[in-house]
Amino acid sequence: MTREAAAGIRCGLGFFQGISVSSTPARYNFHETEARWQKVWNERQTFRAVMDRAKPKYYVLEMFPYPSGRIHMGHVRNYTQGDVIARYKRARGFNVLHPMGWDAFGLPAENAAMEKKVHPKKWTYENIATMKAQLKSMGLSLDWSRELATCDPTYYRHQQKMFLDFWKAGLAYRKEAWVNWDPVDNTVLANEQVIEGKGWRTGAPVERRKLTQWNLKITHFADELLSRLDTLERWPEKVRLMQANWIGKSRGARVFWDLTDASGADRGKLEIFTTRPDTLYGASFAALSPEHPIVSELARNDPGLERFVAECRKTGTAAAEVETAEKVGYKLPLLARHPLIPGKTMPVYAANFVLMEYGTGAIFGCPGHDERDHEFAAKYGLPILAVVAPADADPNAFSVTDAPFVEDGVIINSDFLNGLGVDDAKARVIARLEEMGVGKGTTQYRLRDWLVSRQRYWGCPIPAIHCEGCGIVPVPAKDLPVQLPDDVTFDRPGNPLDRHPTWKHVDCPKCGGPGRRETDTFDTFIDSSWYFDRFTSPGLETAPFDREENEYWMPVDQYIGGVEHAILHLLYSRFWTRAMREVQMTSRDEPFDGLFTQGMVCHETYKSSDGQWLLPEEVARDGAKVVRLSDKSPVEVGRSEKMSKSRKNVVDPDQIIRDYGADTARWFMLSDSPPERDLEWTEAGVTGAWRFQQRLFRIASTALEQVPPAGTPKPASFPDTATALRRAAHKAIAGVSADIEAFHFNKAVARLYELANTIDSVKVTDDATKWALREALEVFVRLIGPMTPHLAEELWQQLGHRSLLADSPWPVPEDALLVDDTVTVAVQLNGKLRGTIALPKDAPKDVAEAAALVLPELVRGLDGRTPKRVVVVPNRIVNVVI
RNA sequence: GCGGGCGUGGUGGAAUUGGUAGACACGCGAGAUUUAGGUUCUCGUGCCGCAAGGCGUGGGGGUUCAAGUCCCUCCGCCCGCACCA
C-alpha cells in the first residue's frame, strides 16, 4: 500500500475536494510512515549528541533496562516520557544528550543458562538485539552511537579500576560479619536488597550467615547523603523522605557500663547506644544481641545459652514473624554497674529483640518508658521505674504500671535531672557522662555499609588476589580487566568461577607465590551506579570518562524511572559519585539534578473457573460478562494490578506497535493518567488513541486542501473567527509548553484534543482565515512532535516543509493572542451561581456590578430585595449578597 | 507502630493565588450517513425534578461574600520503613 498511500497524498488535494458523500478518505498508513521516518532519522544521525559549548546542554536519561528478553509496557511508558522531554528540549534549542544502554549483568542470565543450556553471554546479547529492535520501533530520539552494555569488558575494566582506587582510599574493605543469604540465588544480599525479610529478586526468606565479604563505605558519606537531600529540589519529596528514613540519623549517647560477675570480679566493659539518655535513672536491666561477641564468648561454655542463640537465629526477620515473636531473654552470669548511681547493679540478658546491626548491639532497658523494655520487664519480673512524668501529673505520685509512658514530659526520680524537660535532660546527662568519662554524645545512623560481594558468575569480577603470605592483594592496574572466563558450567548450583579448573589460580602480584583470584563478583548495582557518567565518553579506553566531556554533560538534568529504585539504585549512585570525588575523578557531589518517578502500567487480571490465570488476549467481553475465548466459560475479573508475567495480565508492546503503531502506543501512554500515577492499560483506551491518529490525519488532509502555501505573508487583519482560531493555537503553545515542563503530559494531551476540535470545526470563508488555518495546523503539528513524532513528521512534510520537524524550533506564542478581550464573568447570589455575563477584559468594578444586577436570573432570585453587599472580583465573579 | 500519599460523574481524570466543579477522553443514549476491513458525523450525558429550582468533590463540623482547595475531627484505600534502642 506504500505506493497507494503516496499517491493518495499527492493527489489528495484534488481527490478530497468537494467530497462526494460516498468517498472514504485514505487511511493513515502508520506502518509505512513510521518505518520511513525512523530510517531518515537514523541515516541523518539526527539525534547524535556532540559537545558544543555554544549551546546549553540538556541530559535526559531513562533508567536503562535489564535485557530480560523483550521490552514490557513499563519500558514503553518510561521511554515515551523521556522522549517527550528530549524532543521538546531539543526543539527549545538545547543540545540534548539522550543515550541508551543495557544493565547487562545479573542472575536471570545464569538461570537461563541452567534452564536452557545457553551461555549467559549469548543469552544476554541476543536479548539486547531483540530489545534494541523493539526500542527502535518506538521511534525514540536516542543517540545509539553511545550505546553500552555493562557486561562488556571495555565497560567493566574501568569499574574495576575505580574499585581499586576506592580500596586504596579506604572506601572499600573486607569484613567478617553476619550477612543476608538468599538461599535460592545462593548469594549474599545488601541490606537494601532485603525487602520484608525476603530476597528482592526471589522473595525467599533470607538466612543469616557469618562470612567475610567486600563492603563499600557508604556510611562514610551518611551525613552528607542525608543533608544534601534538601538541595535536590527537582526530586520528588517522597523519594527524598524515603532516603532520609533509610539513612536514619538519630542523636543519642554511647554509655559504658562496667561488667562484673556475681562475685564482683571485673568482667570488662559494655558499650550501649541510646537515644534516651535522659531515662538512664530508669534503667533496670541490660540486654545484648544474641550475636554480640560477649554472648558468643559465654556461649562456648554454656550449652543452654548456645541453644538460645541458635533458637533466635531461626526466627526470621519477616514483618509477620517479628510482630508475633515473643520477647525472650537468657540471663547471663553478669551484672552491669550503673554509670551514674554508685553501687547500683542490674542483671544482664541476651535478648532476641536486640539487633547486632544497629548501634552497639546492646541496650539498657528502661521499662517505664519503652514499649519493648516494658514487655520484657513484665515477663521477667524486672522493676519498672518511672523517670518521666506528664507535665500535668504529680511528680511524687506518678508511676508506670500497665503501659510505658513514652511521650514528652518532666524528669522525676533522677537526681540532678529532676524537673527538666526531656531535651534539656538529654543535654545535661550527656555533659555529665562525658565529664565522668563513662559516655559521650553521638550520632547513630541506620544506614550500613554496602555489601558488594556476590557468589555468582555473571557479574563484574572483583579485581583482588588472595595470597597466603601477603593476604588480600589488589590486581595491578596493568592486568585489568580481569575478564570472566567463557568456559564455565552450570550443571551444579553454586558459583561456576569457584569450580573453574584454572581461572582462579594465579600468582600473587606481590610475592610471586601461588595465589587465588577472588571468585566473588560485584553486586550489579555497582554497574548501574556510574553508567550515566560513561555515556559522556562511551568509547574512551584510557579512563571511565573524559573529564571535559563529563563536565559538559553531567549532571543528568532529567532522570526518569520507577520509584522502586528510590533507595537502591539512586542511593548507590549518589554514593558512587562521592566516592569518585574522593579519589579526585570528579568535583561533583550529585549525579541527578532532576528526578521523575513514573507510575506503573497496570491491567485487569483474569482467572478461569479452574483457577488458572489467563492472558488478556485469551478472554473477551460478552455483554456484561467476561468469557474465555476458547470455550466461552465464565472468567473471574480481578482488580487492576501491575503487569506481571506471574499474573499473566500483560500486553506485549510489540503487538500493539504492530497493530496500532508506535505513535498510538505513545499517545495512549501519555493520555489520561498523570505520569507519576499508575496507568491502567485498556483495549478501549488504545483504540481511542488509534482513532485519534486517524482523525488527525483526516483533519489535516482536509484542511490542507484549503490552506495557502507555506511562506504566504501574514494578512494585515483577521476576521473574528480567524482571531479565535489563532487565539486557540497560541494558547495551546503556551499551555502545552507549560504542561510538558511540569510533566503534565495528560493535560498537554487534553489541550491538543481541544485544539484539534477547534481546527476541525472552523469554517473557512476568506484568505485570512485560510492563513490562520495553516498557522494553527503548523502549530498543532509542532506541538504533537514530541508525542507522536512519526505522524508529526509526516504532516510537517505535507505542509510543504523540506526540513525535518525534528530539527525545527518550538513555536513561540504571540503574547497579544494569549489574553482575551472579552471575559465571561460568573454572577452569584449568596455564593450560588445564577448565570454569566460577558464583559470587556478588566472592566471597572462598577460596570461589572451594574451588568450583573440586571441579569434576569439574578433579578428573579432577588425577588425585589435590595443587596446588602456586592463583591466584585475583576474578570472572575460578581457575588451579590442579600 | 512510625513516615508519606490519595479519596471528585458509570470510568480515567481536569480545576495557578479560595472565585462558573466535572475541561479532555472513554463509556453510554438518541439520530444521520455508509453498510461492513478496528466506520464517520451531529446532538445529549453529575444526581433529583415536568419545570422553577434543589443537591452535589469519602463522613461530620468550622472559617469566609465565596471552600474540591484553608482549619478541626472521623472513616477508607495505597506506598515506604519497622523489635533501629
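Heavy-atom basis, side chains included; hydrogens, waters and symmetry copies ignored. Proteins come first, then strands; the chains are lettered A, B, ... in the order of their sequence lines, and each starts at number 1.
- If you take atom C1' in B:C55 and the same atom in B:G9, they sit 14 Å apart, rounded to whole Å.
- Taking side-chain N and O atoms only, A:Arg860 has no distance below 4.0 Å to OP1 or OP2 of B:A51.
- Residue A:Arg751 places no side-chain N or O under 4.0 Å from the OP1 or OP2 atom of B:A14.
- By the 30° and 60° cut-offs, the orientation of the rings of A:Tyr753 relative to A:Phe692 is tilted.
- Sequence order on RNA chain B of the closest nucleotides to A:Lys238 and A:Leu241 puts A:Leu241 first from the 5' end.
- A 3.5 Å limit on both hydrogen-bonding distances identifies no Watson-Crick or G-U partner for B:G68.
- The nucleotide B:C43 finds its pairing partner in B:G29, both defining distances of the Watson-Crick or G-U wobble pair being shorter than 3.5 Å.
- Taking the charged nitrogens against the carboxylate oxygens, A:Lys731 and A:Asp820 do have a contact shorter than 4.0 Å, which makes a salt bridge.
- Classification of A:Glu754 and A:Arg751 as a salt-bridged pair fails, no side-chain N sitting under 4.0 Å from a carboxylate O.
- Figure legend. B:U20 is base-paired to no nucleotide; pairs are counted as Watson-Crick or G-U wobble with both atom distances under 3.5 Å.
- A distance of about 23 Å separates the C1' atoms of B:C43 and B:G49, rounded to the whole Å.
- Atom C1' of nucleotide B:G13 and atom CH2 of A:Trp681 are separated by 18 Å, given to the nearest angstrom.
- Spacing of P atoms, B:U11 relative to B:G19, comes out at 25 Å, to the nearest Å.
- In this structure, B:C81 and B:G1 make a Watson-Crick or G-U wobble pair, each of the two defining distances being under 3.5 angstrom.
- Rounded to whole Å, the P atom of B:A25 lies 35 Å from the corresponding atom of B:G80.
- Taking the ring centroids of A:Phe376 and A:Phe285, they lie under the 6.0 Å cut-off.
- In this structure, A:Tyr349 has its ring center closer than 6.0 angstrom to the ring center of A:Tyr380.
- Residue A:Arg448 places no side-chain N or O under 4.0 Å from the OP1 or OP2 atom of B:C84.
- For B:A14 and B:A67, the P atoms lie 23 Å apart once the distance is rounded to whole Å.
- Between the P atoms of B:A21 and B:C6, the separation comes to 23 Å (whole Å).
- Separation of the C1' atoms belonging to B:U39 and B:G46 is 31 Å when rounded to the nearest angstrom.
- In this model, the phosphate group of B:C65 is approached by a side-chain N or O of A:Arg869 to a distance below 4.0 Å at OP1 or OP2.
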